[in-house]
Novice: 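Pasting a structure below so you can have a look.
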Amino acid sequence: MRATRGHVSPNKGLAAGYAEDDAAERAADQLSAWDANTRRFALQSLGLLGPKASDHLPEMAKLLEDEEPEVRKAAAQACGRVGGGARDLAMALKDAEAAVRSEAATALGGMDSFGLFLKDHVGLEVTAAWYSCSIPLYSGLNEIELLEVADVDCLGPVQDDIQELVLEKPSEERPFVFLWDEKTGGTTFNDWLLASAANLGLLNSTHISDFGWPNVIGTPFFLKTYETKKLKSLQILSATVDWNIFAVLGCAAQRRPSCFVLLRNPIDRFLSYYLERSDRSLEGGALPIRHLFDLPIEDFEDYLESIRHDRFRFSGRESGLFCNTENAELCLETSEDLFEADPGPETFAFRTFGGPQNRLARMLDPPFGRLSVASQRLSRCVVSLQNEDFENHLRVLRRFHPWISQVHFDEAKTAWVGQNSYNSRESAFLRENLPEAFRRAIARFNSVDMDLYQQGLNQFYRQTATARASILPEAWLRPPILRLAEKDWEVTWPFFQKELPTTFFIRRLMRCRITRLASQCGRLVGEVLPEGVDFLLAQELVEHIIGVINHEFYQHHPEDFYRMRSQDWVARNGRSEAKPQLERIVALAKDPDQDAAAAAVTCLANIGEVRTACLAKKL
């Protein structure tokens with residue numbers, strides 16, 4: 001039994017104060033009772049004691065996630081009367097039961113400390129502004145209102161028959177929604193989705209946050225990108241968004257979205273995320289001097305503690321939370337003093353969408369990531385394991401989404417390196433050699449997602465069994481194959497240049513700015529690098545290219561941009577700016593380093609105007 005302190009009451013004296021403490025202890029002991037009514041009565045007893053029961057707030061707040069709605073409601077009432085548990089009450093604002101949400105809002109409204117709580121947890125404060133309009137927040141925040149729609153009103157009742165998840169073909173009445181959790185294989189799946197949408201003649205009713213569409217990251221930014229009429233006409237959607245996208249797309253008895261989720265073991269997903277986005281200071285910086293598994297386990301656990309979702313210091317421009325910089329620099333209007341001058345830890349990209357902790361749970365239950373809510377919502381989706389069980393992934397697609405086709409490209413014309421391939425070997429090595437203690441630490445860090453993953457595995461293999469039980473021959477339990485000559489979607493589908501010229505341009509511009517790769521920036525000036533060759537461009541050159549093209553683009557009709565491909569603009573406007581770069585190339589041609597000199601000579605032999613391949617970082 002924990003130590004208690006006496007509460008002195010002017011009317012009852014010290015002895016009575018200790019008696020109240022004993023009563024609080026007795027009630028607290030009943031909070032873990034197996035009987036729901038006993039837990040509820042214990043909460044009511046503690047609530048009657050008010051602030052004198054504050055020692056027991058952690059146990060009370062924990063019951064805001066109880067499986068019984070009446071217990072959760074009593075927990076919200078008790079926390080409000082005791083005057084604490086603001087963080088947990090804020091999470092209860094998204095409870096599946098309206099009565100619980102109401103009690104949580106009432107409790108928070110009576111707390112003077114709630115404003116201080118928000119200031120201490122900026123990330124939660126901003127996301128709460130998006131998803132709840134019942135609590136007044138900082139006046140400097142430009143809120144985006146997302147309607148609160150009960151799942152049953154949007155996706156219909158939960159179906160006991162798994163066959164009800166089958167979607168023969170997307171339509172306005174039943175749009176297909178791929179909730180894209182990063183590092184689960186979404187890039188490959190989107191290739192198939194794009195080809196399938198084109199095959200169905202639905203590109204005008206499709207949005208995939210890849211290729212030539214706006215790269216929308218974060219549900220609220222759909223409201224800033226598309227008008228309501230367009231949102232309600234979408235039949236195929238793939239994007240890094242969360243569960244609230246269903247309300248954004250429009251919910252009605254005649255519009256029941258179909259949900260699809262790709263799963264990946266949260267430990268492997270974390271490692272992939274870390275390798276791609278971390279500054280790797282834990283291992284020695286950009287050029288690691290040691291592997292993760294060379295660290296003392298205590299150091300690794302401290303690192304995980306520092307990158308918890310609720311520990312980040314945000315700059316106020318993180319994608320998916322406050323901005324969508326990949327999509328025309330869309331941002332919420334926020335007060336500068338809410339954010340840190342020195343954000344961190346980790347990189348800007350690492351903090352996107354709040355970091356790697358329990359991403360699946362937060363996607364299904366934004367912004368809180370409660371297991372009880374996320375679990376119920378996952379059961380409404382078709383789930384698949386593209387990375388881990390490809391053969392059964394094909395069976396699930398064929399049975400539940402027969403309109404999705406595989407895509408095979410002409411290998412002779414597709415010597416292409418995927419954008420996520422750079423770390424693939426190191427990722428495989430790390431997964432194979434990471435000690436068990438490190439894997440357990442990552443599992444604890446992603447504990448909610450680990451539970452969801454296990455549920456997802458069960459769902460996936462039930463779906464696989466349903467597919468196998470079909471009367472179709474086994475050979476037919478595969479998606480049909482679409483054969484394409486080019487992996488270059490710009491060449492294969494002119495739709496992007498004819499129908500989406502402006503958003504297509506923004507995508508290219510953002511890719512150049514974010515990656516600084518010659519392969520991406522070169523396309524803006526009409527240059528295509530040889531297969532398998534790429535360079536990191538100097539930042540000043542990247543900014544110059546973007547500046548010139550930005551200026552010229554907005555002075556011309558979009559069709560002019562695609563007819564001229566902007567090469568003439570850069571040549572005309574870039575000569576004087578490129579001169580210092582050219583001088584560096586000439587000087588390098590005389591370098592004693594034979595490889596460097598040869599590279600410079602090759603550049604000089606091919607240079608006409610501004611040649612991005614010659615203006616690489618090493619020059």
Novice: Tell me, please, which residues at least two apart from Ser238 pass side-chain hydrogen bond (donor to acceptor under 3.5 Å, both in side chains).
Specialist: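 Result, side-chain hydrogen bond (donor to acceptor under 3.5 Å, both in side chains) vs Ser238: Asn190.
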Novice: Kindly write out the residues that satisfy ring pair (Phe, Tyr, Trp, His ring centres under 6.0 Å) with Phe400, not counting sequence neighbours, or none if the list is empty.
Specialist: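 Counting only residues at least two positions away or on another chain, Phe400 forms no ring pair (Phe, Tyr, Trp, His ring centres under 6.0 Å).
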Novice: Can you list, pair by pair, the side-chain donor-acceptor contacts under 3.5 Å of residues 166-173, counting residues two or more places apart and other chains?
Specialist:
unit_1, atom_1, unit_2, atom_2, d
Ser171, OG, Glu173, N, 3.3
Ser171, OG, Glu173, OE1, 3.4
Ser171, OG, Arg174, N, 3.0

Novice: Sequence neighbours excluded, which residues qualify as side-chain hydrogen bond (donor to acceptor under 3.5 Å, both in side chains) partners of Gln454?
Specialist: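 Once residues adjacent in sequence are excluded, Gln454 has no partner under the side-chain hydrogen bond (donor to acceptor under 3.5 Å, both in side chains) criterion.
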Novice: For Val382 and Gln459, what are the C-alpha separation, side-chain angles and deciding distance, and is it a side-chain contact (heavy atoms from CB on, under 4.5 Å)?
Specialist: CA-CA 8 Å; Val382 173; Gln459 282 182 228; over 6 Å; no
Novice: Would you confirm whether Thr219, through its side chain, and Val241, through its main-chain N or O, come within 3.5 Å as a donor-acceptor pair?
Specialist: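 Looks like no, no N/O pair under 3.5 Å.
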Novice: Give me the atom names and distance for the closest heavy-atom approach of Gly185 to Asn387.
Specialist: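 Between these two residues, the closest heavy atoms are CA-OD1, 3.9 Å.
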Novice: Mind checking whether Leu397 and Phe189 have side chains closer than 4.5 Å, heavy atoms only?
Specialist: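 In contact.
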Novice: Tell me if a side-chain donor or acceptor on Thr184 pairs with a main-chain N or O of Trp180 at a distance below 3.5 Å.
Specialist: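 No; judged by distance alone, with no hydrogens or angles, the pair does not exist.
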Novice: Please identify each residue that fulfils salt bridge (Lys or Arg N to Asp or Glu O under 4.0 Å) with Arg255, with sequence neighbours left out.
Specialist: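 For Arg255 there are no salt bridge (Lys or Arg N to Asp or Glu O under 4.0 Å) partners, ignoring immediate neighbours.
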Novice: Charged N to carboxylate O below 4.0 Å: is that the case for Arg277 and Glu182?
Specialist: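 Counted as a salt bridge, because a side-chain N and a carboxylate O are separated by less than 4.0 Å.
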Novice: Would you name the heavy atoms of Arg359 and Thr352 that are closest together and state the gap between them?
Specialist: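 What the structure gives for the nearest pair is NH1-O, 3.3 Å.
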Novice: Any sub-3.5 Å donor-acceptor pair from Asn324's side-chain atoms to Asn215's backbone N or O?
Specialist: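 Indeed, once roles are kept as given, a pair shorter than 3.5 Å links the two residues.
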Novice: Closest approach of Pro402 and Arg399, non-hydrogen atoms and distance?
Specialist: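 Pro402 and Arg399 have their closest heavy atoms at CD-O, 4.1 Å.
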Novice: With a 4.5 Å cut-off on side-chain heavy atoms, are Leu385 and Leu457 touching?
Specialist: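 In contact.
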Novice: Roughly how far apart are Leu371 CG and Leu452 CG, rounded to 0.5 Å?
Specialist: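 If we round to the nearest 0.5 Å, Leu371:CG and Leu452:CG are 5.5 Å apart.
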Novice: For Ser196 and Ser405, indicate whether the former's side chain and the latter's backbone hold a donor-acceptor pair under 3.5 Å.
Specialist: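 Side chain of Ser196 to backbone of Ser405: a pair is present.
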Novice: How many angstroms lie between atom CH2 of Trp213 and atom CG of Leu237, to the nearest 0.5 angstrom?
Specialist: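 Rounded to the nearest 0.5 Å, the CH2-CG separation comes out at 10.5 Å.
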Novice: Relative to each other, are the rings of Phe293 and Phe429 parallel, tilted or perpendicular (30° and 60° limits)?
Specialist: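 Phe293 vs Phe429 ring planes: tilted.
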Novice: Check whether any side-chain heavy atom of His408 lies under 4.5 Å from a side-chain heavy atom of Arg483, and answer yes or no.
Specialist: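 Yes; the side chains approach each other to less than 4.5 Å.
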Novice: Would you say Phe260 and Leu193 make side-chain contact, with heavy atoms under 4.5 Å?
Specialist: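 Result no, sub-4.5 Å side-chain heavy-atom pair not found.
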Novice: Nearest 0.5 Å please: distance from the CD atom of Gln406 over to the OG1 atom of Thr188.
Specialist: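 Nearest 0.5 Å value for the CD-OG1 distance: 12.0 Å.
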Novice: Test side-chain contact (heavy atoms from CB on, under 4.5 Å) on Lys183 and Tyr274 and set out the steps.
Specialist: CA-CA 10 Å; Lys183 316 312 300 176; Tyr274 172 84; over 6 Å; no
Novice: Give the minimum heavy-atom separation between Ala441 and Leu304, together with the two atoms involved.
Specialist: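 Here Ala441 and Leu304 meet closest at O-CD1, 3.6 Å.
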Novice: Nearest 0.5 Å, please: how far is CG in Asp451 from CG in Leu360?
Specialist: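 One gets 11.0 Å once the value is rounded to the nearest 0.5 Å.
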Novice: With rounding to the nearest 0.5 Å, note down the distance linking NE2 in His401 to CG in Leu165.
Specialist: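 CG of Leu165 is found 8.0 Å from NE2 of His401.
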Novice: Compare every heavy atom of Asp242 with every heavy atom of Leu179, then report the nearest pair and how far apart it is.
Specialist: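 Heavy atoms of Leu179 and Asp242 come nearest at CD2-O, 3.9 Å.
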Novice: Looking at Leu262, is its backbone amide N or carbonyl O close enough to the side chain of Gln386 to form a donor-acceptor pair, meaning the two atoms are under 3.5 Å apart?
Specialist: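 Checked: no pair found.
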Novice: Can you check whether Phe445's main-chain N or O pairs, donor with acceptor, with Gln357's side chain at less than 3.5 Å?
Specialist: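 Yes; judged by distance alone, with no hydrogens or angles, the pair exists.
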Novice: What residues form a side-chain hydrogen bond (donor to acceptor under 3.5 Å, both in side chains) with Arg351, not counting sequence neighbours?
Specialist: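 Partners of Arg351 by the side-chain hydrogen bond (donor to acceptor under 3.5 Å, both in side chains) criterion, ordered by chain and then number, come out as Glu318.
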Novice: Any side-chain donor paired with an acceptor under 3.5 Å for Tyr453 and Asn446?
Specialist: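 Absent: no donor and acceptor within the cut-off.
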Novice: Give, for atom CG of Leu194 and atom CD1 of Ile208, the distance between the pair rounded to the nearest 0.5 Å.
Specialist: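 If we round to the nearest 0.5 Å, Leu194:CG and Ile208:CD1 are 5.0 Å apart.
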Novice: So Leu321 and Phe312, do their side chains get closer than 4.5 Å, heavy atoms only?
Specialist: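 Contact flag for Phe312/Leu321 side chains = no.
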Novice: Sorted by first residue and then second, give each disulfide (SG to SG under 2.5 Å) pair with at least one member in residues 377-407; sequence neighbours left out.
Specialist: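 The answer is Cys259-Cys381.
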Novice: With under 30° as parallel and over 60° as perpendicular, where do the rings of His207 and Tyr226 fit, or are they tilted in between?
Specialist: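 Rings of His207 and Tyr226: perpendicular, over 60°.
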Novice: Specify whether Phe246 and Trp243 have parallel, tilted or perpendicular ring planes, treating 30° as the upper limit for parallel and 60° as the lower limit for perpendicular.
Specialist: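 The arrangement is perpendicular - the two ring planes meet at more than 60°.
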Novice: Output a table of donor-acceptor pairs, distance under 3.5 Å, between side-chain atoms of residues 373-380 and any protein atom two or more places apart or on a different chain; print 'none' if there are none.
Specialist:
unit_1, atom_1, unit_2, atom_2, d
Ser375, OG, Gln455, OE1, 2.4
Arg377, NE, Asp151, OD2, 2.8
Arg377, NH1, Leu364, O, 2.8
Ser379, OG, Gln376, O, 2.5
Arg380, NH1, Gly156, O, 2.7
Arg380, NH2, Gly156, O, 3.2

Novice: Taking atom CZ of Arg308 as the centre, does the number of heavy atoms from other residues, nucleotides or ligands within less than 6.0 Å exceed 12?
Specialist: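 Counting neighbours around CZ of Arg308, more than 12 heavy atoms of other residues, nucleotides or ligands fall under 6.0 Å, so yes.
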Novice: I'd like to know whether the aromatic ring centres of Trp493 and Phe211 sit less than 6.0 Å apart in this structure.
Specialist: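 Ring-ring flag for Trp493/Phe211: false, centres at least 6.0 Å apart.
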Novice: Partners of Phe438 by ring pair (Phe, Tyr, Trp, His ring centres under 6.0 Å), sequence neighbours excluded?
Specialist: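 Here the qualifying residues are Phe300.
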Novice: Filter on salt bridge (charged side-chain N to carboxylate O under 4.0 Å, His left out), then keep only pairs touching residues 261-271, sequence neighbours left out; what's left?
Specialist: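 Checked against salt bridge (charged side-chain N to carboxylate O under 4.0 Å, His left out) - neighbours excluded - the pairs reaching residues 261-271 are Asp181-Arg269, Asp268-Arg439, Arg269-Asp449.
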Novice: Would you indicate whether the side-chain heavy atoms of Asn392 and Gln463 approach each other to under 4.5 Å?
Specialist: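 Sidechains of Asn392 and Gln463: no contact.
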Novice: Evaluate the criterion side-chain contact (heavy atoms from CB on, under 4.5 Å) for residue pair Thr466 and Arg462; output intermediate values, then yes/no.
Specialist: CA-CA 6 Å; Thr466 299; Arg462 285 201 306 273; 5.6 Å; no
Novice: Please identify each residue that fulfils ring pair (Phe, Tyr, Trp, His ring centres under 6.0 Å) with Tyr273, with sequence neighbours left out.
Specialist: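 Applying ring pair (Phe, Tyr, Trp, His ring centres under 6.0 Å) to Tyr273 gives Phe350.
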Novice: Report yes if the side chains of Arg468 and Thr464 come closer than 4.5 Å at any heavy-atom pair, otherwise no.
Specialist: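 Of all side-chain heavy-atom pairs linking Thr464 with Arg468, at least one is under 4.5 Å.
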Novice: Going by the rule side-chain hydrogen bond (donor to acceptor under 3.5 Å, both in side chains), which residues pair with Trp192 if we only count those two or more places apart in sequence or in a different chain?
Specialist: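 Partners of Trp192 under the side-chain hydrogen bond (donor to acceptor under 3.5 Å, both in side chains) test: none.
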Novice: Nearest heavy-atom pair of Arg256 and Asp153: which atoms, and what distance?
Specialist: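 Minimum heavy-atom separation between Arg256 and Asp153: NH1-O, 2.8 Å.
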Novice: Any donor and acceptor pair, going by atom type alone, linking the side chain of Arg362 with main-chain N or O of Phe353 inside 3.5 Å?
Specialist: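 Such a contact is found between Arg362 side chain and Phe353 backbone.
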